[in-house]
Amino acid sequence: MNKKIGNIFKGDKVIWMVFFFLCMISIVEVFSASSGLTYKSQDFISPILKHTGTLAMGLFIAVVTLNIPCKYFKLTTPFLLLISFITLLWVLMGGETINGANRVIEIPGFTFQPSEIAKGTMVLAEAQILSAMQRENGADKDAFKYILWLAIPIAFLIGLENLSTAAMLFAIVVVMMFIGRVPNKQLVKLLGIVGALAVAGLLFVLIVGHAETADEANLTKTETIADQPKEKSKFQKLFHRADTWKGRILNFGKGSVSPQEYDLDKDAQVAHANIAIVSSGIIGKGPGKSIERDFLSQAFSDFIYAIIVEELGIIGAAFVVLLYIILLYRCARIASHCENNFPALLVMGLGLLLVVQAVFNMMVAVGLAPVTGQPLPLISKGGTSTIINCAYIGAILSVSRSAKMRKEKKVEPKLAETIENV
């Protein structure tokens, strides 16, 4: 019996344990945080059954993926790139609008987010480029050019509707180039250009955007339609998210506000997340006993970490952080032992995707970053994002199982040394 189970759950056992704990926390906390949905529908079991079914589907995808030798992932790169570009254009022109942004494509029976597929595809393509163009003293200088030819269009298409995801993806691309030993001179130039563009983009948003808060940005989309005598121009349609971006930047830029001056109506999400955290204590209120979940509209997704802190306390919140740290550490260990560059870069890129997104989510929940709309990987309620994240875990496990590993006595290659230093 144990042998049969071992044949299913192959690969790195520590990553399997992290995956298991994250899924268990997800089931408990999503069930608790979905109280608003269950109250409206008067159906208290269907939401959690649907989420558990999504996790079960994700588990199946992870098992299927880990049984594919990682060398065959290269064959999927051209097809995934084509699918990514087509679906990203599709969602911009005819996607379903959720919270003021076109982020999902609705197909009879289900919806999916093209950005989730595009993120993993970009990591896969970059790992392939960097591994193919490794030289004795680092990556060929042309690798930098080829990577940007892919990364810039993908990040731009994602960024029009989901700026935080585009920024996160581009940051991971840069980190992977550093790990892949792209010449430092090229990276410094890139960071300088990106910094200048970021400042220009910030000024653009502050000038073009109209809302004073994030909540006003959402109201603008519905309440001011009658006040607009003309149909929006193509420019306005292309950058219609500028209002939301400006509102979030201004909200975050306020800094600390006294309780007497805090407006619970205009800053509801952040306010109730803060209340959830400060009222938690060391051990929390206990699973299912959150109060602020009834006031947070995105308690089961964007702000689920605030609910985790409220219910499980500082100890539970620290445990969740520890799980993501262990996940990244194990990815680095697997990568440093890979004999070939492609699986090493792939596993590091996927690990960074999951962990950096988790950091974004947790920083927003505790007030260290503007609201971004990033779910907590493998914990937040989701459809496409949950299943795709499970596929990432499967790919990491595939590398740990099928990649050729160097012997301990063999001298470590320079790429492995770079990974361990990171």
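Every side-chain contact (heavy atoms from CB on, under 4.5 Å) that Leu191 has, sequence neighbours left out, goes to Val174. Thr52 is linked by a side chain to side chain donor-acceptor pair (under 3.5 Å) to nothing, counting only residues two or more places apart in sequence or in another chain. Residues satisfying the side chain to side chain donor-acceptor pair (under 3.5 Å) test with Ser131, not counting sequence neighbours, are none. Applying the ring-ring contact (aromatic ring centres under 6.0 Å, His included) test to Phe60 and every residue at least two apart in sequence or in another chain returns nothing. With sequence neighbours left out, Ser290 forms a side chain to side chain donor-acceptor pair (under 3.5 Å) with Glu310. Evaluation of the side-chain contact (heavy atoms from CB on, under 4.5 Å) rule for Ile315 yields Ile282, Ile283 as partners, not counting sequence neighbours. Contacts of Thr76 classified as side chain to side chain donor-acceptor pair (under 3.5 Å), with partners at least two apart in sequence or in another chain: none. By the side-chain contact (heavy atoms from CB on, under 4.5 Å) test, Ser402 is found to be paired with Pro69, Cys70, Ser398, residues two or more places apart in sequence or in another chain being considered. For Tyr329, the side-chain contact (heavy atoms from CB on, under 4.5 Å) partners are Arg333, not counting sequence neighbours. For the salt bridge (charged side-chain N to carboxylate O under 4.0 Å, His left out) test, no residue two or more places apart in sequence or in another chain qualifies with Lys74.
Inter-residue side-chain proximity for His51 and Leu55 is flagged as met; some heavy-atom pair is nearer than 4.5 Å. Within the 4.5 Å cutoff, no side-chain heavy atoms of Thr54 are placed close to those of Met57.
With rounding to the nearest 0.5 angstrom, the CD1 atom of Ile393 is 10.0 Å from the CG atom of Asp12. We find the CD1-CE distance between Ile179 and Met176 to be 7.0 Å, quoted to the nearest 0.5 Å.
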Give every donor-acceptor pair under 3.5 Å between a side-chain atom in residues 345-360 and any protein atom, sequence neighbours left out.
unit_1: Gln357; atom_1: OE1; unit_2: Lys119; atom_2: NZ; d: 2.8
unit_1: Gln357; atom_1: NE2; unit_2: Pro375; atom_2: O; d: 3.0

May I have the list of side-chain donor-acceptor pairs in residues 148-159 shorter than 3.5 Å, sequence neighbours left out?
none

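Put simply, the side chain of Tyr392 never gets that close to the backbone of Ala62: no donor and acceptor are under 3.5 Å apart. Under a 3.5 Å cut-off, the side chain of Gln134 and the backbone N or O of Leu130 do form a donor-acceptor pair. Judged by distance alone, the side chain of Ser26 and the main-chain N or O of Ile379 form a donor-acceptor pair under 3.5 Å.
Remark: aromatic rings of Phe319 and Phe21 are close, center separation under 6.0 Å.
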